[in-house]
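Below you'll find the structure, written out as structure tokens, and then a few comments.
A, B, ... follow the sequence lines: proteins, then strands. Residue 1 opens every chain. Owing to the predicted nature of the structure, the values given are computational and were not obtained by experimental measurement.
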There are 2 protein chains.
Amino acid sequence: MEAKFKHVSNLIEKDIASGIYDETQKLLTEDEFIIKYKVSRNTIRRAIDLLVKRGVALPVQGSGIYLRKKRLGQPINLENLRGLTYYLGDHNVSSVILDFKLIPADNKIVDLMHCELDTPTYYVHRLRKLDNKPYCIEYSYYNKDLIPYLDNEIINGSIYNYIRNDLKKTINFIDEVISANVLTKEEADLLGLKENEPAIICENTSMFKTGTIFNYCYSVFNYKETKFLKMTNTA
Amino acid sequence: MEAKFKHVSNLIEKDIASGIYDETQKLLTEDEFIIKYKVSRNTIRRAIDLLVKRGVALPVQGSGIYLRKKRLGQPINLENLRGLTYYLGDHNVSSVILDFKLIPADNKIVDLMHCELDTPTYYVHRLRKLDNKPYCIEYSYYNKDLIPYLDNEIINGSIYNYIRNDLKKTINFIDEVISANVLTKEEADLLGLKENEPAIICENTSMFKTGTIFNYCYSVFNYKETKFLKMTNTA
DNA sequence: TATAATTTGTCCGTATGTATA
DNA sequence: TTATACATACGGACAAATTAT
């Protein structure tokens with residue numbers, strides 16, 4: 001059962017997406033939302049907080065709650081953890097599996113995933129495509145003690161949906177580290193760039209609620225086409 | 001007057017920094033904090049929320065509130081908007097001003113800062129150093145209609161502190177966009193790297209509460225030494 | 001294994017403060 | 001100045017997850 005404030009937040013976001021606030025650029029007031037959804041002020045405020053976090057809404061004390069203008073160039077919002085499939089909505093997402101095997105954890109993996117040496121680990125290396133154009137190169141590791149089974153079919157779809165829907169587990173924390181590096185020959189070929197050109201790297205570490213790491217993923221993006229966005233409120 | 005939950009959050013963070021929770025890795029319970037600070041449960045929970053956002057604390061339902069292990073390599077936390085000075089604590093921060101002038105906004109600036117053409121704009125180009133070693137190259141623009149005065153002294157210190165303490169204005173939103181690019185000859189020389197090597201770029205757009213942009217800043221970092229971290233809770 | 005106690009998560013209601021219009 | 005609307009803070013009740021018994 002989904003929490004009420006999350007549910008209401010999603011309802012409001014759907015209304016926003018439908019464009020009903022586009023003209024005024026102003027959402028309903030808290031009191032109006034309270035009546036509309038028959039919830040407490042607390043709940044509405046938590047729902048709005050989520051929209052603020054997602055960079056969608058902007059409450060102004062004494063005035064109202066406004067839409068936040070979208071940025072140009074469509075950078076990847078680091079707050080959006082719903083995966084490529086969701087984020088890229090109307091685009092065609094596919095992937096080519098370059099390698100897939102079960103290996104014992106070496107020192108590097110132990111370090112990255114805080115697991116024991118020789119822990120059985122799925123290694124997945126794939127090229128992800130967007131509208132049939134190379135989009136990013138993934139090197140991903142899954143702790144088999146936590147994710148007991150993976151196969152080609154699962155890998156071809158959304159692994160995160162598999163974890164959520166089939167394993168019934170909840171991903172609670174993701175650390176995302178952004179850096180830059182030079183492209184290897186193989187990576188350059190896959191992305192249609194040249195060796196030693198820059199690459200922008202996103203390293204994701206995914207954890208369950210107690211902080212156990214089930215996945216580490218190193219992704220290489222085309223630096224000419226990819227930016228990452230973090231929106232912050234200091235309030 | 002600072003909000004109570006922020007104040008309490010800072011007090012708790014100081015206790016964490018002092019190491020008093022290092023042994024158990026477990027903070028006090030909500031009820032214990034309520035007694036200690038004589039505040040409501042709501043206030044304590046908001047204080048803890050801030051610590052969670054900063055990646056410092058990790059509440060576990062039914063169990064307690066735990067310290068979150070620090071990451072290796074000390075990446076720059078994108079949630080930390082307190083500036084270099086705060087973040088790098090015991091290090092020596094300095095800067096070399098490479099250019100500083102008042103210019104009318106051109107089309108590029110208009111686009112980035114959503115201002116009118118020819119708006120008077122301070123342009124600041126500086127090299128920031130950490131322990132006397134080149135750390136990043138900044139190209140920064142300030143809307144003079146919003147930041148009416150800047151001089152060398154202010155620029156040499158923390159501009160953000162000047163805005164907070166002297167102009168008495170509150171920075172409410174910062175959009176941070178991370179990308180990669182190739183270094184220009186000038187940038188490479190300044191950072192001790194070679195032309196066309198990768199650079200990791202952080203573009204900051206800073207806004208006051210109503211969303212008006214007062215600053216756009218393009219920063220070039222040494223890709224060998226700099227990473228950016230985003231910690232996310234899906235809960 | 002089952003139950004109770006502990007602890008955080010969600011939700012409600014109310015009152016007051018502060019910024020905006 | 002007044003009314004509107006969001007921000008802060010308090011209190012209580014119950015649910016859900018974990019831990020101890």
Side-chain angles (χ1 to χ4, degrees), chain A residues 1-12 21 24-53 57-68 168-170 172-173 207-212 233-235, chain B residues 1-12 21 24-53 56-68 168-173 207-212 233-235:
Chain A
M1 160 105 179
E2 189 180 40
K4 201 182 282 190
F5 73 94
K6 290 181 193 171
H7 179 63
V8 171
S9 185
N10 289 331
L11 292 178
I12 297 173
Y21 299 120
T24 60
Q25 294 285 308
K26 192 177 179 188
L27 308 196
L28 302 183
T29 66
E30 287 182 356
D31 286 343
E32 287 166 341
F33 276 130
I34 288 170
I35 294 168
K36 176 166 182 178
Y37 295 112
K38 297 183 178 59
V39 294
S40 71
R41 182 178 187 74
N42 197 340
T43 300
I44 275 298
R45 286 184 61 77
R46 292 192 70 182
I48 300 294
D49 277 350
L50 290 182
L51 299 179
V52 171
K53 204 174 163 189
L58 167 57
V60 177
Q61 188 173 0
S63 178
I65 305 166
Y66 298 86
L67 283 184
R68 229 188 130 172
K168 307 283 185 201
K169 293 196 178 180
T170 308
N172 273 66
F173 305 97
M207 289 155 272
F208 292 130
K209 75 181 80 177
T210 49
T212 53
N233 294 49
T234 64
Chain B
M1 160 102 180
E2 189 180 41
K4 201 181 279 189
F5 74 93
K6 290 181 192 170
H7 179 63
V8 170
S9 185
N10 288 331
L11 292 177
I12 297 173
Y21 299 119
T24 60
Q25 294 285 307
K26 193 177 179 188
L27 308 197
L28 302 183
T29 66
E30 289 182 356
D31 286 342
E32 288 166 340
F33 276 130
I34 287 170
I35 294 168
K36 177 166 182 179
Y37 295 111
K38 297 182 179 58
V39 293
S40 70
R41 176 133 187 261
N42 195 345
T43 300
I44 276 298
R45 285 183 61 78
R46 293 194 68 183
I48 300 294
D49 278 349
L50 290 182
L51 299 178
V52 172
K53 204 174 163 190
V56 173
L58 167 57
V60 177
Q61 187 173 1
S63 180
I65 305 166
Y66 298 85
L67 283 185
R68 227 187 131 172
K168 307 285 186 199
K169 293 197 179 180
T170 308
I171 304 158
N172 272 67
F173 305 97
M207 289 155 273
F208 292 129
K209 75 181 79 179
T210 49
T212 53
N233 294 50
T234 63

Report task. Whole angstrom is fine here: how far is it from CZ in B:Arg46 over to P in D:dC10? Result -> 11 Å
**Report entry** N or O in side chain of B:Ser63 less than 4.0 angstrom from D:dT18 OP1/OP2
**Finding:** no
**Report entry** From C:dC11, D:dT8, C:dT10, nucleotide with atom closest to B:Lys6 side chain
**Finding:** D:dT8
Requested in this report: Specify the closest pair of heavy atoms between A:Phe33 and A:Leu28, including all atoms of both residues, with the distance to one decimal.
Outcome: CE1-O, 3.4 Å
Report task. Quickly work out the B:Asp31 CG to D:dG12 P distance and round it to whole Å. Result -> 12 Å
Report summary line: Closest of D:dC10, C:dT8, D:dC6 to the B:Thr43 side chain is D:dC10
Report summary line: Rounded to whole Å, CG of A:Leu51 lies from C1' of D:dC6 at a distance of 15 Å
Query raised in the report: What's the CG-P distance between A:Leu28 and D:dT4, to the nearest Å?
Result: 17 Å
Query - Residue-phosphate contact under 4.0 Å: B:Lys4 side-chain N/O, D:dC10 OP1/OP2 - result: yes
Query raised in the report: Between A:Ile44 and A:Val60, who's closer to the 5' end of DNA chain C by nearest nucleotide?
Result: A:Ile44
Query - Who pairs with C:dT1 - Watson-Crick or G-U, where each distance is under 3.5 Å - result: none
Query raised in the report: For D:dA16, which nucleotide in any strand shown is its Watson-Crick or wobble partner with both distances under 3.5 Å?
Result: C:dT7
Report summary line: Whole-Å distance, B:Glu30 CD to D:dC14 C1', equals 15 Å
Query raised in the report: Is any N or O donor-acceptor pair between the side chain of A:Gln61 and the base of C:dT18 shorter than 3.5 Å?
Result: yes
Report summary line: Between NZ of A:Lys38 and P of C:dG13 the distance, given in whole Å, is 13 Å
Requested in this report: Using a strict 4.0 Å threshold on nitrogen-to-oxygen distance, state whether A:Arg41 and A:Asp31 make a salt bridge.
Outcome: yes
Query raised in the report: Phosphate oxygens OP1/OP2 of C:dT8: is one of them under 4.0 Å from a side-chain N or O of B:Arg45?
Result: no
Query raised in the report: What is the distance, rounded to the nearest whole Å, between atom CZ of B:Phe33 and atom P of C:dG9?
Result: 13 Å
Query raised in the report: Do you know which two heavy atoms are closest between A:Ser9 and A:Ala47, and how far apart they sit?
Result: OG-O, 3.1 Å
Query raised in the report: Considering heavy-atom distances to DNA chain C, does A:Tyr66 or A:Glu2 have its closest nucleotide positioned more toward the 5' end?
Result: A:Glu2
Report task. Please state how far atom CG in B:Asn42 lies from atom P in C:dA15, giving the value in whole angstrom units. Result -> 16 Å
Query raised in the report: Which pair of heavy atoms, one from B:Tyr21 and one from B:Lys26, lies closest together, and at what distance?
Result: CD2-O, 3.5 Å
Report summary line: Closest non-hydrogen contact found for A:Val39 with A:Lys4 is CG1-CD, 3.4 Å
Query raised in the report: Do B:Arg41 and C:dG9 share a donor-acceptor pair, side chain to base, under 3.5 Å?
Result: yes
